[in-house]
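Comments concern the structure below.
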Number of protein chains: 2
Amino acid sequence: MNRILIIDDDIELCDLLTEYFTQEGFEVKAAHDSETGISQALLDEASLIVLDVMLPGQSGFEVLRHIREHSKVPVVMLTARGDEVDRIVGLEMGADDYLPKPFNPRELVARIRAIQRRAVTSHESHEPEAGKTLKVGDCELDPGARTVLLAGNSIELTAVEFSMLEILLRNAGQVVDRETLAKKVLGRRLSPFDRSIDVHVSSLRKKMGHQPNGSERIKTIRGTGYQYLVSH
Amino acid sequence: MNRILIIDDDIELCDLLTEYFTQEGFEVKAAHDSETGISQALLDEASLIVLDVMLPGQSGFEVLRHIREHSKVPVVMLTARGDEVDRIVGLEMGADDYLPKPFNPRELVARIRAIQRRAVTSHESHEPEAGKTLKVGDCELDPGARTVLLAGNSIELTAVEFSMLEILLRNAGQVVDRETLAKKVLGRRLSPFDRSIDVHVSSLRKKMGHQPNGSERIKTIRGTGYQYLVSH
DNA sequence: CCCGGTTTGACAATCAATTGAAATGCCATG
DNA sequence: CATGGCATTTCAATTGATTGTCAAACCGGG
């Protein structure tokens, strides 16, 4: 059901989280080393895994790799450093989110909930009806049907455009940085001279036109990324 | 100033890079084995190190470990293509970026520049405490949406202004000295005649106007730094 | 081989950060 | 109270970087 697997060698932390999560209505299982973690993970009983990057023996990245060879279960990584690179690498290897230690358990729970909400709607592969449509303003995107309606009128998007819009809508009102966008939409790291993202944004904008109120739908946050504007 | 140390046993490559970097305005120093590399690195003359993973004798990882015991200088690792594990290990040990060989020198330069610039944006994405909006008096700053509201009205800030305000708000009521501000906001140390900070403060003030009670929002602490005033 | 889609490269346009120079204001000193 | 030195402020100009857009090259699937 809603079972979380925590892989972290810090037993105190595990206990703390276990208590907290239980209160929040999750079932919890903890593993304190990589091997146990991996085998637990592969039992496929957990609906989400919280994984520490810093583990004795095999690193959390190794564990993630093993898990990913067999399973698409959502993974949140914990790390000591708030380092941008870690985040990118983690996401590159298929982590779903990332939280620098020390963190507030409440925030972890919030992120977990967010991921599970997301998990329901994305990953089209093994669940046909997995897609609840995303609605932001006059824009409706149906991941299952791969359709987009603007004020009721359907528009045609290419694969990349569609997935880019999907990401932006899922984070409507929030800034999505270019690295993340590249990773999720193009499936690769953005290299310095890569103009793809810009080009796709450009064509998305062209196809989508403006908001009912006349403003751009996708706002550029110079030096950072883009943001789907929520008009209210 | 801007000196790069290259540690790579491939002398041809070093020469190539040296030439390229020199053209780009860097000073370059090269070391072709681990020992020389480490001792050079510990002289602390380089503002950034480019380090090959594959070195005869001690591996690049060893070198990195030695360097990290004494220094936080940014390090870019060169790895064999496709060897994901290497990259991961490297990053875990505190490298700041990686680039799979073979690479385009231009890309390396671009990444180096990005790292040197990174301080500006790094804390904007995933700092501890990120996610919640900061509220001080009538001022609300939302790092995720990158918005600032003053008494409910939104104002537009540039990247540096935003990040500067974020820092000031996080330390509201406390003095933030110019050095710290420069380091966190601009990602570099302040040189004697650098007035960037002042200018940014100036434009922040202009954009933000005064407190509801008429006083300046950002107070100058002469000879020290600035302070966001908490009006009560 | 053709076709749509994606990426790349060039160029233009835009915007922000820095620098220079001058103005202002603060403080200490006589 | 006037003055000079120094730090800060501000404005304008410059420089530099990022992004928008077009068109051509590329790529993989029919």
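What's counted below: heavy atoms across the whole structure, side chains too, no hydrogens, waters or symmetry copies. In what follows, chains carry the letters A, B, and so on, assigned in the order in which the sequence lines appear, proteins first and then strands, with residues in each chain numbered from 1.
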Checklist entry - the helix from C:dC1-D:dG30 to C:dG30-D:dC1: angle between its terminal axes, five pairs each, to 10°? => result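 Between the first-five-pair axis and the last-five-pair axis there is 30°.
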Tabulate below the donor-acceptor pairs under 3.5 Å that side-chain atoms of residues 13-22 of chain B make, not counting sequence neighbours, or state none.
residue, atom, partner, partner atom, Å
B:Thr18, OG1, B:Cys14, O, 2.6
B:Thr22, OG1, B:Thr18, O, 2.5

Next on the checklist: Quick check on D:dA17: is either OP1 or OP2 less than 4.0 Å from any side-chain nitrogen or oxygen of B:Arg113?
Outcome noted: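 For D:dA17, OP1/OP2 do not have a side-chain N/O of B:Arg113 under 4.0 Å.
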Item to check | Side-chain N or O of A:Tyr226 closer than 4.0 Å to phosphate OP1/OP2 of D:dT18 | outcome: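 For D:dT18, neither OP1 nor OP2 has a side-chain N or O of A:Tyr226 closer than 4.0 Å.
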Next on the checklist: Going by the rule ring-ring contact (aromatic ring centres under 6.0 Å, His included), which residues pair with A:Phe162 if we only count those two or more places apart in sequence or in a different chain?
Outcome noted: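 Expected list: none.
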Item to check | Interface limits on DNA chain C, where chain B has a heavy atom under 4.0 Å of a nucleotide atom | outcome: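 For DNA chain C, the relevant span reads C:dA16 to C:dC26.
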Taking salt bridge (charged side-chain N to carboxylate O under 4.0 Å, His left out) as the definition, give me every residue that meets it alongside [X], ordered by chain and number, with sequence neighbours left out.
X: B:Asp10; answer: none
X: A:Arg188; answer: A:Asp194
X: A:Glu156; answer: none
X: B:Asp177; answer: none

Next on the checklist: Does anything in residues 197-206 of chain B come within less than 4.0 Å of DNA chain C? Heavy atoms only, and list the residues if so.
Outcome noted: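 Those residues whose heavy atoms fall under 4.0 Å from DNA chain C, taken from residues 197-206 of chain B in numerical order, are B:Val199, B:His200.
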Give the rounded distance in Å between these two atoms: [atom1] of [X] and [atom2] of [N].
X: B:Met208; N: D:dT10; atom1: CE; atom2: C1'; answer: 19 Å
X: A:Arg178; N: D:dA17; atom1: CZ; atom2: P; answer: 15 Å
X: A:Glu161; N: D:dT21; atom1: CD; atom2: P; answer: 13 Å

Next on the checklist: Suppose we screen for side-chain contact (heavy atoms from CB on, under 4.5 Å). Which residues come up paired with B:Glu216, at least two apart in sequence or across chains?
Outcome noted: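 For B:Glu216, the residues satisfying side-chain contact (heavy atoms from CB on, under 4.5 Å) (neighbours in sequence not counted) are B:Arg205, B:His210.
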Checklist entry - How is A:Thr158 classified with respect to the nucleic acid when contacts are heavy atoms under 4.0 Å: base, sugar-phosphate, or nothing? => result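 Sugar-phosphate, backbone atoms only, no base.
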Checklist entry - For B:Ser203, what residues pass the side chain to side chain donor-acceptor pair (under 3.5 Å) criterion, not counting sequence neighbours? => result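 Partners of B:Ser203 by the side chain to side chain donor-acceptor pair (under 3.5 Å) criterion, ordered by chain and then number, come out as B:Glu161.
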Item to check | For B:Asp9, all residues meeting side chain to side chain donor-acceptor pair (under 3.5 Å), sequence neighbours excluded | outcome: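 For B:Asp9 there are no side chain to side chain donor-acceptor pair (under 3.5 Å) partners, ignoring immediate neighbours.
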Item to check | Test item: side-chain donor near acceptor, B:Ser47 and B:Asn2, under 3.5 Å | outcome: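 Present: a donor and an acceptor within the cut-off.
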Next on the checklist: With nearest nucleotide decided by heavy atoms, which residue, A:Arg195 or A:Lys207, maps closer to the 5′ end of DNA chain C?
Outcome noted: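 Looking at DNA chain C, the more 5' nearest nucleotide goes with A:Lys207.
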Item to check | Closest non-hydrogen atom pair, B:Met208 against B:Cys139 | outcome: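 What the structure gives for the nearest pair is CE-SG, 4.1 Å.
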